[in-house]
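Everything below concerns the one structure shown next.
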Amino acid sequence: MVTSDEGDGDVQPLWLSDGPATAELWTRMHAEHVRSGLWPLLLDSLDPSDSEFRPWGSGEVFPEQMSSPASHDPVDLLAQWWTTYTAVDDMLDADRRLAVTAPFGQTWPGLASSRETTTNPDQLAAEFAQAFLADRPQTRLGLVAAASGAEALTAAGWAGPCNYDNDTARFSAVVRDWEHRFGARVVAVGFSTLHLSVASPPVDEHEALLVAAEHFAFCPDNIWQGSRPYTLTAYAERITGAHHWDFWWD
């Protein structure tokens, strides 16, 4: 059990495997979730060569500091974040700042519509878990008592986006909404990274731009520090039809 390094040392929010996970184990534990109540997370570390396996092995998790995802409205959160991150400041002139989020500029476009799909979200999650482990074989397995992957982020006390907001429950509320609208599943989490499988990604330019706007509000570093060009339209092209969404906060 991982013990939070905050408080009196009596909070143990997750179980961490001693060694690398396997896709078969993740899939089995995911299938057992309905019975066990434990959500499996593939846990990546800040530095693969670090024996502490930060933040998980070092206890850099803070469940006691988090609120409840149910206390937050994802629609309001995304709109508020959008307003904050599209505000003109001294870093860029107004034209360059607004070009990043064109064609919307500073106007929040609202949420993308949900999409139906014949793809099984859980089967897709298992396939993504296998691909993730093939790319990061040092990844370990974590088990968290939570109703869903979105809620597991908060229950585990993960603090990846803390440079933007130190209440992970806010991010969980948005991810939980994506679970319903897009068949998203939380598969893997790193020090400040989040990896979701997505059964119903956007399939055309209009849908992709709206989803890209949600991603920018949720994690602006995906656009600000992603691949060139650093614009919403370029990012929308990259996520069109993509069955996994990856986020990282600087």
Side-chain angles (χ1 to χ4, degrees), residues 65-116 148-151 153-154 158-186 192-196 198-226 229-240 242 245-250:
Q65 298 180 10
M66 309 303 176
S67 63
S68 167
S71 301
H72 305 285
D73 183 341
V75 178
D76 290 343
L77 286 171
L78 289 170
Q80 291 166 12
W81 287 333
W82 176 272
T83 298
T84 298
Y85 304 143
T86 58
V88 175
D89 54 31
D90 296 333
M91 298 294 291
L92 289 175
D93 62 63
D95 289 343
R96 292 174 64 195
R97 173 66 76 190
L98 297 179
V100 172
T101 51
F104 306 123
Q106 289 180 291
T107 303
W108 169 238
L111 299 185
S113 300
S114 59
R115 298 190 64 256
E116 294 185 3
S148 69
E151 295 187 24
L153 299 174
T154 297
W158 176 62
C162 65
N163 285 346
Y164 287 92
D165 194 317
N166 59 12
D167 186 0
T168 299
R170 295 171 179 266
F171 298 91
S172 288
V174 174
V175 174
R176 185 168 64 173
D177 185 51
W178 288 344
E179 289 174 339
H180 297 309
R181 281 193 290 139
F182 303 113
R185 295 292 184 269
V186 177
S192 57
T193 58
L194 175 63
H195 308 273
L196 314 178
V198 184
S200 303
V203 296
D204 61 38
E205 181 182 8
H206 175 69
E207 288 182 352
L209 277 170
L210 291 174
V211 172
E214 292 189 38
H215 286 197
F216 177 78
F218 182 77
C219 178
D221 285 336
N222 267 30
I223 286 89
W224 284 342
Q225 301 190 49
Y230 307 124
T231 64
L232 207 66
T233 52
Y235 181 82
E237 292 179 9
R238 293 194 291 273
I239 63 170
T240 301
W245 294 344
D246 304 297
F247 302 94
W248 69 281
W249 290 264
D250 191 6

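These values consider heavy atoms only, across backbone and side chains, with no hydrogens, waters or symmetry-generated copies.
Scanning for salt bridge (charged side-chain N to carboxylate O under 4.0 Å, His left out) contacts around Glu207 gives Arg115, with sequence neighbours left out. Remark: Thr101 pairs with no residue by the side-chain hydrogen bond (donor to acceptor under 3.5 Å, both in side chains) rule, at least two apart or across chains.
The line from CZ of Arg170 to CG of Asp73 is 11.5 Å long, rounded to the nearest 0.5 Å. Rounded to the nearest 0.5 Å, atoms OH (Tyr235) and OG1 (Thr240) are 10.5 Å apart. A distance of 9.0 Å separates CG of Leu210 from CG of Leu111, quoted to the nearest 0.5 Å.
A donor-acceptor contact shorter than 3.5 Å links the side chain of Ser172 to the backbone of Ala150. Although no hydrogens or angles enter the test, the distance criterion places no donor-acceptor pair under 3.5 Å between the side chain of Ser200 and the main chain of Gly183. Gln225 places no side-chain N or O within 3.5 Å of a backbone atom of Asp250 that could act as its donor or acceptor partner. No donor-acceptor distance shorter than 3.5 angstrom exists from the side chain of Asp246 to the backbone of Thr193, with no hydrogens or angles considered. For Arg176 (side chain) and Pro74 (main-chain N/O), no donor-acceptor pair under 3.5 Å exists by modelled atom type. Between the side chain of Glu179 and the main chain of Ser148, no donor-acceptor pair closer than 3.5 Å is present. For the pair Thr84 (side chain) and Gln80 (backbone), a donor-acceptor distance under 3.5 Å is present.
Shortest non-hydrogen contact noted between Val198 and Ala242 is CB-O, 4.3 Å. Nearest heavy-atom pair, Ser192 versus Gly160, reported as atom, atom and distance to 0.1 Å: CB-O, 3.6 Å. Nearest approach of Leu98 to Thr86, heavy atoms of both residues: CD2-O, 4.2 Å. The two residues Ala217 and Trp81 come nearest to each other via the heavy atoms O-CB, 3.3 Å. Pairing each heavy atom of Ala159 with each of Thr168, the nearest pair is CA-OG1, 4.0 Å.
For the pair Leu194 and Trp249, the minimum side-chain heavy-atom distance is below 4.5 Å. Side chains of Val186 and Leu196 form a contact here, defined as non-hydrogen atoms less than 4.5 Å apart. Asp177 places none of its side-chain heavy atoms less than 4.5 Å from the side chain of Leu78. Looking at heavy atoms from C-beta onward, Glu214 lies in side-chain contact with Trp108 at the 4.5 angstrom threshold. The side-chain heavy atoms of Ser68 and Thr154, taken from C-beta on, include no pair separated by under 4.5 Å. Considering only heavy atoms from C-beta on, Leu209 comes within 4.5 Å of Thr233 through its side chain.
With Phe218 as reference, Trp178 is the one residue of Tyr164, Trp178, Tyr85 to meet the ring-ring contact (aromatic ring centres under 6.0 Å, His included) rule. Screening Phe247, Phe104, Trp224 against Phe216 for a ring-ring contact (aromatic ring centres under 6.0 Å, His included) leaves a single residue, Trp224.
Under the 3.5 Å distance criterion, with hydrogens and angles disregarded, a donor-acceptor pair is assigned to the side chains of His72 and Ser67.
Taking the ring centroids of Trp245 and Phe182, they lie under the 6.0 Å cut-off.
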